[in-house]
Protein chains: 2
Amino acid sequence: MSPKHYPNLCPIESFLGHIMGPWTPYILWLLSNEESLRFGQIAALIPDISAKVLTDRLRKLEASGLVNRDYQPTVPPTVYYSLTERGAELHGVLQGLNKVAIRWDEEDRQKEGDAEIAAE
Amino acid sequence: MSPKHYPNLCPIESFLGHIMGPWTPYILWLLSNEESLRFGQIAALIPDISAKVLTDRLRKLEASGLVNRDYQPTVPPTVYYSLTERGAELHGVLQGLNKVAIRWDEEDRQKEGDAEIAAE
DNA sequence: GCAAGTAGTTACCTTATGGTAAGTATTGAG
DNA sequence: CTCAATACTTACCATAAGGTAACTACTTGC
């Protein structure tokens with residue numbers, strides 16, 4: 001997934017490069033439902049993520065221009081993350097993905113249900 | 001990206017799990033523009049991909065139910081790949097991504113152009 | 001008997017990624 | 001003088017992913 005090997009043949013692909021990777025879409029989803037979230041709040045909402053990976057994801061999203069980082073030098077410091085305008089634009093696209101993903105999930109569950117009934 | 005660590009909190013994320021990874025969106029894009037393509041044809045359209053990775057991607061797409069594999073035991077054998085119905089449904093979603101990706105690209109190029117002019 | 005042509009497979013190596021655990025900075029409270 | 005709280009860093013390790021190159025199978029044509 002290094003930039004070197006990641007081909008630019010396809011705009012979709014370079015685009016997905018910014019939002020894919022474990023946890024990233026979920027982070028965007030959480031941020032799209034709140035004005036802003038602090039580092040610790042995001043960490044609490046994603047129990048299995050480590051501070052290292054969460055930091056990495058937020059830095060990459062910031063570098064991609066999708067997320068704002070607002071550092072307040074209080075003691076202890078607080079850092080607020082929020083979506084940029086571009087990040088907010090993603091919401092529509094993500095909802096499209098969500099719709100398809102959920103529909104397919106339901107179809108699959110339906111089929112599993114049918115299979116179980118047939119097996120009885 | 002192992003299934004163990006890849007969280008299921010987010011439908012979008014499990015959905016993206018099927019289509020992300022280097023080359024995968026581009027393969028889907030190519031297939032969505034043709035009735036079917038042989039292995040060698042896809043390889044020729046993506047010069048930098050290795051046979052190993054292409055095989056891997058096609059197998060995973062097949063396992064996800066997005067791509068059909070049609071093996072013809074001719075000599076030498078020919079294998080036709082095409083989108084399944086579900087794979088074809090992706091086309092709309094991919095176009096949505098494509099639209100945003102291209103728009104942002106253009107906006108960025110515009111900004112770069114402005115910066116160059118300002119620097120003169 | 002040997003090369004050609006298709007669609008892979010296999011072995012091996014290198015790099016990238018993610019996980020865990022511990023450490024850092026700051027300062028007010030006890 | 002030490003702890004607590006927040007938001008990270010850093011060091012180290014294990015696994016996964018990708019790259020390259022060589023090899024396979026099968027039959028036709030020379």
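Every chain is numbered from 1, with letters handed out A, B, ... down the list of sequences.
Rounded to a whole Å, the CD1 atom of A:Ile42 is 13 Å from the C1' atom of D:dT6. We find that CG of B:Asp70 is positioned 11 Å from P of C:dG8, with the value rounded to whole Å. Atom CG of B:Leu54 and atom C1' of D:dT20 are 16 Å apart (whole Å). In this structure, CG of A:Leu58 is placed 11 Å from P of D:dA7, rounded to the nearest angstrom. Atom-to-atom, CD of B:Gln41 to P of C:dG5 comes out at 16 Å; the value is rounded to the nearest Å. Between the CG atom of B:Asp48 and the P atom of D:dA21 there is a distance of 13 Å, rounded to whole Å. Between B:Asp56 atom CG and D:dA16 atom C1' there is a gap of 12 Å when expressed in whole angstrom units. The interatomic distance linking B:Ile49 (CD1) with C:dG8 (C1') rounds to 14 Å, in whole Å.
The aromatic rings of B:His91 and B:Trp29 lie parallel to each other, with less than 30° between the two planes, well short of the 60° mark.
For the pair B:Arg69 and C:dG8, the criterion of a side-chain N or O lying under 4.0 Å from OP1 or OP2 is met. A close approach under 4.0 Å does not occur between any side-chain nitrogen or oxygen of A:Arg57 and OP1 or OP2 of D:dC8. For A:Arg59 and D:dT9, the shortest distance from a side-chain N or O to OP1 or OP2 is below 4.0 Å.
Residue-level contact check: B:Thr78 touches the backbone only, with heavy atoms under 4.0 Å from sugar-phosphate atoms and none from bases. Using a 4.0 Å heavy-atom cutoff across all strands shown, B:Tyr81 reaches sugar-phosphate atoms only and no base atom.
Proximity note for A:Val75 (side chain, C-beta onward) versus D:dA7, D:dC8, C:dT27: the nearest is C:dT27. For A:Val79, taking side-chain heavy atoms from C-beta onward, the closest of the listed nucleotides D:dA7, C:dT6, C:dG8 is D:dA7. With C:dG19, D:dC8, D:dG19 as the candidates, the nucleotide lying closest to the side chain of A:Thr55 is D:dC8.
Here A:Arg86 pairs with B:Asp108 in a salt bridge; the nearest charged N to carboxylate O distance falls below 4.0 Å. Between B:Glu107 and B:Arg103 a salt bridge is recorded (basic side-chain N to carboxylate O distance below 4.0 Å). Contact check on A:Lys60 versus A:Asp56 returns a salt bridge, with a Lys/Arg side-chain nitrogen under 4.0 Å from an Asp/Glu carboxylate oxygen.
Between the side chain of A:Lys52 and the base of C:dG19, at least one donor-acceptor pair of N or O atoms lies under 3.5 Å.
For the pair B:Gln72 (side chain) and B:Pro77 (backbone), a donor-acceptor distance under 3.5 Å is absent.
Place B:Pro76 and B:Lys60 on DNA chain D by their nearest nucleotides, and B:Lys60 ends up nearer the 5' end. Residue B:Tyr80 is the one, among A:Pro77 and B:Tyr80, whose nearest nucleotide of DNA chain C lies closer to the 5' end (criterion: closest heavy atom).
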